[in-house]
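To find a chain, count down the sequence lines: A is the first, B the second, and so on, and within it residues start at 1.
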Protein chains: 2
Amino acid sequence: MGPPTVRIEPNETQGAGKAETILAAAKRMFLEHGFGAVSMDAIARAAGVSKATVYAHFAGKEELFGAVIGRECERYFADFSAGELDPEDVGASLTTLGCRFLDLLLSPDAIALHRLILGEVGRFPALGEVFWRAGPERNLGQIEAFMRTAAAAGTLRIDNPRLAAEQFVGLLRGETQLRYLLRLDSGTERAKIDTLTAAAVATFLSAFKG
Amino acid sequence: MGPPTVRIEPNETQGAGKAETILAAAKRMFLEHGFGAVSMDAIARAAGVSKATVYAHFAGKEELFGAVIGRECERYFADFSAGELDPEDVGASLTTLGCRFLDLLLSPDAIALHRLILGEVGRFPALGEVFWRAGPERNLGQIEAFMRTAAAAGTLRIDNPRLAAEQFVGLLRGETQLRYLLRLDSGTERAKIDTLTAAAVATFLSAFKG
DNA sequence: GTCTATACAGTGATAGAC
DNA sequence: GTCTATCACTGTATAGAC
């Protein structure tokens with residue numbers, strides 16, 4: 001009576017549920033303490049399962065780590081939709097893009113993820129490529145696409161849309177992200193994000209307005 | 001016959017020499033593999049001394065780590081002298097500042113140091129403050145000072161010198177440093193640095209030229 | 001698949017001879 | 001101060017019962 005090609009596991013709490021629980025616990029631990037400082041024992045305890053169960057689902061600590069990171073990277077820019085941008089109103093569009101970018105970039109999860117990846121990319125070189133493509137590259141592509149349409153519409157004087165996108169991102173970031181990564185600052189209040197974005201947009205428009 | 005207040009140790013090869021050797025070995029190991037992945041045993045072996053000797057000079061792994069980082073941070077911007085900048089020729093001055101900044105920022109040592117600090121600042125919060133003051137803050141202050149003099153000379157239209165300095169640094173950095181940190185790019189050839197700097201200077205001047 | 005119990009390697013740190 | 005040898009401890013991984 002069920003669908004012929006797809007089988008629904010009757011007890012998802014026991015099968016995939018455990019793996020899910022382990023992944024969630026591992027994510028929390030890794031993001032909070034880093035790779036080296038977290039033991040498989042601690043992950044098992046945090047997930048409420050035995051150590052042997054963890055090893056039943058993941059071949060080892062490194063594989064578990066990779067699974068967590070890959071997952072987070074995918075989630076990273078999932079909610080970005082470039083629909084509501086207007087090439088005619090570049091100020092509003094850049095402000096929208098900027099606020100969204102900074103809101104994500106400075107979020108506690110993103111900061112923790114950056115710390116984790118940058119700290120471990122020396123030991124796991126593949127991490128860099130995975131993260132770049134899932135996060136920064138995708139974001140840069142969306143901003144570049146807007147630069148291109150604005151240049152075509154004549155509302156911005158841009159020769160190199162890719163470079164312009166990178167410079168806009170640079171203006172937005174400044175040293176702010178570094179201060180967050182170094183734990184010298186925190187918080188994503190709307191007023192702060194708006195101020196940072198406004199300054200970047202003003203300078204960018206002053207340089208590229210047609 | 002010697003100076004009355006200062007005593008020179010006769011055998012600096014035995015006393016401070018060993019500590020120096022240990023610090024050098026620890027620096028190399030930490031920068032290459034990170035804090036968690038390096039054991040005191042490995043450091044002792046790399047320095048050519050016994051583990052007990054390491055503990056005779058440094059109370060523990062964390063103290064040794066702190067000593068290495070503090071040392072590198074100090075070395076970081078030691079050679080920066082803001083003497084040869086000319087407020088009348090802002091293009092040349094910004095180019096000089098930009099090249100020097102990128103040359104340091106993208107150097108293998110600086111990249112490795114960034115990875116190390118960002119990866120461990122979660123576990124050693126004091127690291128963030130120490131690094132910020134020794135490196136980025138000092139650099140930012142020098143650039144800000146130039147912005148102020150150029151604004152006073154009327155060669156740049158700048159309201160907020162600090163913000164302008166931070167935006168200039170942001171334009172220089174773009175996503176380049178991130179790609180280096182993620183191991184997607186490397187190398188500090190003069191041509192590359194010059195191109196990156198020229199793009200940043202052009203956009204900055206386009207926005208702030210008086 | 002899941003658990004308890006355990007083997008094993010490697011870690012940070014120390015004691016005692018020289 | 002420096003070394004050799006060793007300590008206690010933790011984390012990885014597996015065996016065997018259920």
Check R162(B) with E137(B), please: is the shortest side-chain N to carboxylate O separation under 4.0 Å?
yes
Calculate the interatomic distance between [X] atom [atom1] and [N] atom [atom2]; express it in whole Å.
{"X": "F58(A)", "N": "dT12(D)", "atom1": "CZ", "atom2": "P", "answer": "15 Å"}
{"X": "M29(A)", "N": "dG11(D)", "atom1": "CE", "atom2": "C1'", "answer": "13 Å"}
{"X": "Y55(B)", "N": "dC3(D)", "atom1": "OH", "atom2": "P", "answer": "15 Å"}
{"X": "I43(A)", "N": "dT10(D)", "atom1": "CD1", "atom2": "C1'", "answer": "15 Å"}
{"X": "M40(B)", "N": "dG12(C)", "atom1": "CE", "atom2": "C1'", "answer": "7 Å"}
{"X": "E62(A)", "N": "dG11(D)", "atom1": "CD", "atom2": "P", "answer": "17 Å"}
{"X": "D41(A)", "N": "dT4(C)", "atom1": "CG", "atom2": "P", "answer": "12 Å"}
{"X": "K61(B)", "N": "dT10(D)", "atom1": "NZ", "atom2": "C1'", "answer": "13 Å"}

Short side-chain N/O contact from [X] to OP1 or OP2 of [N], under 4.0 Å:
{"X": "K51(B)", "N": "dT14(C)", "answer": "no"}
{"X": "S50(A)", "N": "dT2(C)", "answer": "no"}
{"X": "T53(B)", "N": "dC3(D)", "answer": "yes"}

Among dT12(D), dT2(C), dT2(D), which is the nearest nucleotide to the side chain of A56(B)?
dT2(D)
For the side chain of H57(A), starting at C-beta, report the closest nucleotide among dG12(C), dT2(C), dC3(D).
dT2(C)
Any luck finding a side-chain donor-acceptor pair between S93(A) and T96(A) under 3.5 Å?
no
Nearest nucleotide by nearest heavy atom, which residue falls closer to the 5' end of DNA chain D, R45(A) or A52(A)?
R45(A)
Ring centroid separation for F65(A) and F124(A), is it under 6.0 angstrom?
yes
Whether F35(A) and F30(A) hold their rings parallel, tilted or perpendicular, with breakpoints at 30° and 60°:
parallel
Any idea which heavy atoms bring L23(B) and L64(B) closest together, and the distance?
CD2-CD1, 4.1 Å
Heavy atoms under 4.0 Å, any strand shown: does V38(B) hit a base, just sugar-phosphate, or nothing?
sugar-phosphate
